[in-house]
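Notes follow once the structure below has been shown.
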Amino acid sequence: AVDMWVDHPSAFVVMPFSEPWSNSVFKDMIEPGITDAGLACIRGDSLIRVGDLTQNVWGSIMHAGIIVADVTALNANVFYELGLAHALGKDAFILKQVGSKVPADIGGAHYFEYDPQALPAGRAWLKTALSQWALETKAAAVKQVLGK
C-alpha cells in the first residue's frame, strides 16, 4: 500500500509527451512555472518503470501535492490520471491551449487557457497560481519538516 501525502511541495505533470508542442510547453512553461514556485516537478514519463505502470502512476499521484494536467490533446491517459487524482481529492490545475475543446464534464472546471506562442506568460501565471496554492496549503512548512 502506498501512503497518500497531503500538501506535499511537489507537482505531478499529466500531459501527452509526444505531441509536436509537448516539449516546448513542458520545458518553457510547465516545468519552470512549477520550479519557480518552489515545488518539485515530477513528469509522468520520467518515472522509473518498475513493475506495473498503473502502480507507478498511482504512487506518483498519491505522493504529489498537486496535479498539473494539460488536456489540450484530449488524451485518454491524461483523463484517466486526472480521474484518479480527482477521486483521491487531489488539487489539480487544468491547462489547455486557446481554441482547444474540452469535454462538458470538465468544461465547468477551473482551467487556465494558454497561448502556445506566449509560453512566458503561461509560466508566470503558473508560478503565481502554484505559489498561492503552496501558501494556502502550507506546502513550504511541509517542505521544511521534510528537510528538502
Between atom CD1 of I61 and atom CG of L88, what is the distance when rounded to the nearest 0.5 Å? 7.0 Å
Apply side-chain contact (heavy atoms from CB on, under 4.5 Å) to S10 and list each qualifying residue two or more places apart in sequence or on a separate chain. H8, A40, I42, A64
Any side-chain heavy-atom pair of M4 and K90 under 4.5 Å: yes
Using a 4.5 Å cut-off on heavy atoms from C-beta on, say whether the side chain of V78 contacts that of P16. yes
Would you mind reporting whether T72 and L95 have side-chain heavy atoms less than 4.5 Å apart? no
Run the side chain to side chain donor-acceptor pair (under 3.5 Å) test against N75 and tell me which residues pass, sequence neighbours left out. none
Taking atom SG of C41 and atom CD1 of I30, what is their separation to the nearest 0.5 Å? 8.0 Å
Closest non-hydrogen contact found for D3 with M62 is C-CE, 3.8 Å
Shortest non-hydrogen separation from W21 to A73 and the atoms involved: CZ2-CB, 4.0 Å
Rounded to the nearest 0.5 angstrom, the OG-CD1 distance for S131 and I34 is 11.5 Å
Cluster question for you: counting only ILVMFWY and a side-chain heavy-atom cut-off of under 4.5 Å, with indirect links fine, are V98 and V25 together? no
side-chain contact (heavy atoms from CB on, under 4.5 Å), paired with D70, selected from F112, Y114, F93: Y114
Looking at every non-hydrogen atom in both residues, tell me the closest pair between I67 and A85 and how far apart they are. CG1-CB, 3.5 Å
Could you tell me the separation between the CD atom of E31 and the CZ atom of R123, rounded to the nearest 0.5 Å? 9.5 Å
As a quick check of understanding, evaluate side-chain contact (heavy atoms from CB on, under 4.5 Å) for T137 and D91, giving each step before the final call. CA-CA 10 Å; T137 63; D91 291 333; 4.2 Å; yes
Rounded to the nearest 0.5 angstrom, the CG-CZ distance for N23 and F17 is 9.5 Å
Going from CG on L119 to CD on Q117, what distance comes out if it is rounded to the nearest 0.5 angstrom? 7.5 Å
Which residues share a side-chain contact (heavy atoms from CB on, under 4.5 Å) with T128, sequence neighbours left out: none
Which heavy atom of A134 sits nearest a heavy atom of L39, and at what distance? CB-CD2, 4.4 Å
Looking at K127, I'd like to know if its NZ atom is crowded, meaning that more than 12 non-hydrogen atoms belonging to other residues, nucleotides or ligands lie closer than 6.0 Å. no
Testing the basics here: between W58 and L84, what is the closest heavy-atom pair and its distance to 0.1 Å? CZ3-CD2, 3.8 Å
Would you name the heavy atoms of S22 and M15 that are closest together and state the gap between them? O-CE, 3.6 Å
